[in-house]
A.B. asks: 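Structure below; questions to follow.
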There are 2 protein chains.
Amino acid sequence: MDKQVSPPVCEVECVHADKVDALRPVVGGLNGVGEMVANLADDTRFKVLYALSQSELCVCDVAAVVGATTAAASYHLRLLYRTGLADYRRDGRLVYYRLSEDRMRPVLEAIKSYVLAMQVP
Amino acid sequence: MDKQVSPPVCEVECVHADKVDALRPVVGGLNGVGEMVANLADDTRFKVLYALSQSELCVCDVAAVVGATTAAASYHLRLLYRTGLADYRRDGRLVYYRLSEDRMRPVLEAIKSYVLAMQVP
DNA sequence: CCCATAGTCAAGCGTGTGTTTGAGTGTACG
DNA sequence: CGTACACTCAAACACACGCTTGACTATGGG
């Protein structure tokens with residue numbers, strides 16, 4: 001089940017074995033990080049999730065907030081639901097979505113801060 | 001150059017105009033966030049950048065740390081360089097990369113914490 | 001000068017993704 | 001019942017991405 005450790009990797013384990021050995025276990029614990037980050041790696045979807053982190057919203061509202069069609073908003077909301085980041089409840093004709101994973105808030109805030117900080121200079 | 005604002009978006013601006021009006025300017029300031037997050041939305045590339053955030057490394061070391069070929073490591077490093085997240089210097093036959101944007105550290109740490117927190121339960 | 005080595009580049013591949021479109025589902029209300 | 005509306009679903013399209021492969025550049029040592 002290992003991916004690749006030996007064949008086309010440099011000659012030996014390369015130049016700085018100490019640093020490499022120190023980093024490998026740490027980095028190895030990050031498996032799956034790409035898949036998780038990919039849930040946020042789209043303008044529309046990040047905006048949707050950030051909006052949900054601020055307020056419970058129906059699909060219609062989400063579409064209006066992010067500037068998308070309801071179909072597109074529904075697509076992203078369903079995707080966020082399936083990956084466990086959002087939850088929903090039905091109330092009459094409306095469907096309300098909300099952020100379901102509070103541990104995501106610091107991530108959203110960190111990314112938001114970074115983006116806003118990059119817009120000034 | 002605007003994307004879509006009016007046509008198939010609900011009827012009016014939908015159910016909760018107050019929340020929508022409050023969120024729209026905030027969310028509107030997040031343009032480009034998806035493109036930025038996409039730089040981290042891959043297991044290998046996130047690991048590469050995280051490793052760089054911990055230590056200056058040559059391509060060979062990076063490949064060894066993340067378990068990839070030097071070509072794959074070089075591909076991601078070059079991409080990170082082109083997007084301004086990494087910088088490099090040449091020293092003899094070796095090329096050393098490092099994190100060039102310190103403001104990225106809190107983002108990397110927040111994501112790492114989230115991933116590690118999700119692995120326990 | 002020539003070879004070995006670290007790194008880069010470009011083409012090609014398999015694969016995945018966001019959006020549109022149009023049809024379908026479910027709820028409310030007269 | 002039947003219309004109206006919020007929402008969902010599935011197909012299709014266009015596009016982009018990560019990795020491999022093999023050739024190429026650049027540095028340094030014999």
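First the proteins, then the strands, lettered A, B, ... as listed; each starts at 1.
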A.B. asks: I'd like to know if A:L108 and A:L116 are part of one continuous hydrophobic network [Ile/Leu/Val/Met/Phe/Trp/Tyr, side-chain heavy atoms within less than 4.5 Å].
C.D. replies: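 No, no single cluster joins them.
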A.B. asks: Starting the side chain at C-beta, find the nucleotide from D:dC9, C:dT17, C:dG7 nearest to A:R78.
C.D. replies: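 Given the options D:dC9, C:dT17, C:dG7, the side chain of A:R78 is closest to D:dC9.
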A.B. asks: As a test of reading the structure: which of D:dT20, D:dC9, D:dA4 is closest to the side chain of A:R93, going by heavy atoms?
C.D. replies: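 So the side chain of A:R93 is nearest to D:dA4.
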A.B. asks: Starting the side chain at C-beta, find the nucleotide from C:dT19, D:dT20, C:dG18 nearest to A:T44.
C.D. replies: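 Nearest to the side-chain atoms of A:T44, counting from C-beta on, is C:dT19.
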A.B. asks: Are the side chains of B:V115 and A:V37 in touch, meaning some heavy atoms are under 4.5 Å apart?
C.D. replies: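 They are not in side-chain contact.
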A.B. asks: Roughly, in whole Å, what's the span from CG in B:L40 to P in D:dC17?
C.D. replies: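 Distance check: B:L40 CG to D:dC17 P gives 14 Å.
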A.B. asks: Would you say that B:H16 contacts A:E56 through its side chain, given a criterion of any heavy-atom pair below 4.5 Å between the two side chains?
C.D. replies: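 With C-beta onward as the side chain, the pair stays apart.
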A.B. asks: Look at the side chain of A:L94 and decide which nucleotide, out of D:dC7, D:dG18, D:dG28, has an atom nearest to it.
C.D. replies: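 It is D:dC7.
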A.B. asks: Any base atoms under 4.0 Å from B:Y97, or only sugar-phosphate, or nothing? Heavy atoms, all strands.
C.D. replies: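 If one applies the 4.0 Å heavy-atom cut-off, B:Y97 turns out to touch the sugar-phosphate alone, with no base involved.
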A.B. asks: When you check the phosphate oxygens OP1 and OP2 of C:dC9, does a side-chain N or O of B:S74 lie under 4.0 Å from one of them?
C.D. replies: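 Looking at the OP1 and OP2 atoms of C:dC9, neither is under 4.0 Å from any side-chain N or O of B:S74.
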A.B. asks: Which nucleotide in the list D:dC5, C:dT20, D:dC7 gets nearest to the side chain of A:T69?
C.D. replies: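 Of the options given, the side chain of A:T69 lies nearest C:dT20.
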A.B. asks: Answer yes or no: does atom CD of A:E35 have more than 12 heavy-atom neighbours from other residues, nucleotides or ligands under 6.0 Å?
C.D. replies: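 Atom CD in A:E35 is not crowded, with 12 or fewer foreign heavy atoms closer than 6.0 Å.
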A.B. asks: Rounding to an integer number of Å, can you tell me how far A:L57 CG sits from D:dA6 P?
C.D. replies: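 Atom-to-atom, A:L57 to D:dA6, this comes out as 15 Å.
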A.B. asks: Starting the side chain at C-beta, find the nucleotide from C:dT5, C:dG26, C:dG7 nearest to A:R90.
C.D. replies: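 The closest nucleotide is C:dG26.
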A.B. asks: Of all the choices, C:dA6, C:dT21, C:dT19, which nucleotide is nearest to the side chain of A:D42 once you look at every atom?
C.D. replies: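 Of C:dA6, C:dT21, C:dT19, C:dT19 is nearest to the side chain of A:D42.
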A.B. asks: What's the OH-P distance between A:Y81 and D:dC7, to the nearest Å?
C.D. replies: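 Between P of D:dC7 and OH of A:Y81: 16 Å.
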A.B. asks: Using atom CZ of A:R89 as one end and atom P of C:dT27 as the other, report the distance to the nearest whole Å.
C.D. replies: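 So the CZ-P distance, A:R89 to C:dT27, works out to 15 Å.
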A.B. asks: Kindly indicate whether the side chain of A:D61, heavy atoms from C-beta on, has any atom under 4.5 Å from the side chain of B:K19.
C.D. replies: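 Heavy-atom side-chain distance check fails, nothing below 4.5 Å.
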A.B. asks: Less than 4.5 Å apart, any side-chain heavy atom of B:N31 and any of A:K47?
C.D. replies: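 B:N31 reaches A:K47 side chain to side chain.
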A.B. asks: Select one nucleotide: of D:dC7, D:dC9, C:dG7, the one nearest the side-chain heavy atoms of A:C58.
C.D. replies: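 Output: D:dC7.
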A.B. asks: Whole angstroms only, please: what is the CG-P distance between A:D91 and D:dC7?
C.D. replies: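 That distance rounds to 11 Å.
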A.B. asks: Classify B:A38 by what it touches in the nucleic acid, base, sugar-phosphate, or nothing, heavy-atom distance under 4.0 Å.
C.D. replies: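 Contact class for B:A38: none.
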A.B. asks: Both A:A71 and B:V95 contact DNA chain C. Which one's nearest nucleotide lies toward the 5' end?
C.D. replies: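 Looking at DNA chain C, the more 5' nearest nucleotide goes with B:V95.
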A.B. asks: Just compare D:dG18, C:dT20, C:dG18 and give me whichever is closest to any side-chain atom of A:R45.
C.D. replies: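 Given the options D:dG18, C:dT20, C:dG18, the side chain of A:R45 is closest to C:dG18.
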A.B. asks: To the nearest Å, how far apart are B:R82 CZ and D:dC17 P?
C.D. replies: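 It is 12 Å, rounded to the nearest whole Å.
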A.B. asks: To the nearest Å, how far apart are A:Y75 OH and C:dG16 P?
C.D. replies: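 Going from A:Y75 (OH) to C:dG16 (P), I get 13 Å.
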A.B. asks: Would you mind telling me which of C:dC9, D:dC7, D:dC9 lies closest to the side-chain atoms of A:C60?
C.D. replies: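 The closest nucleotide is D:dC7.
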A.B. asks: Rounding to a whole Å, what distance do you find between A:D43:CG and C:dT19:P?
C.D. replies: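 Rounded to the whole Å, the gap is 9 Å.
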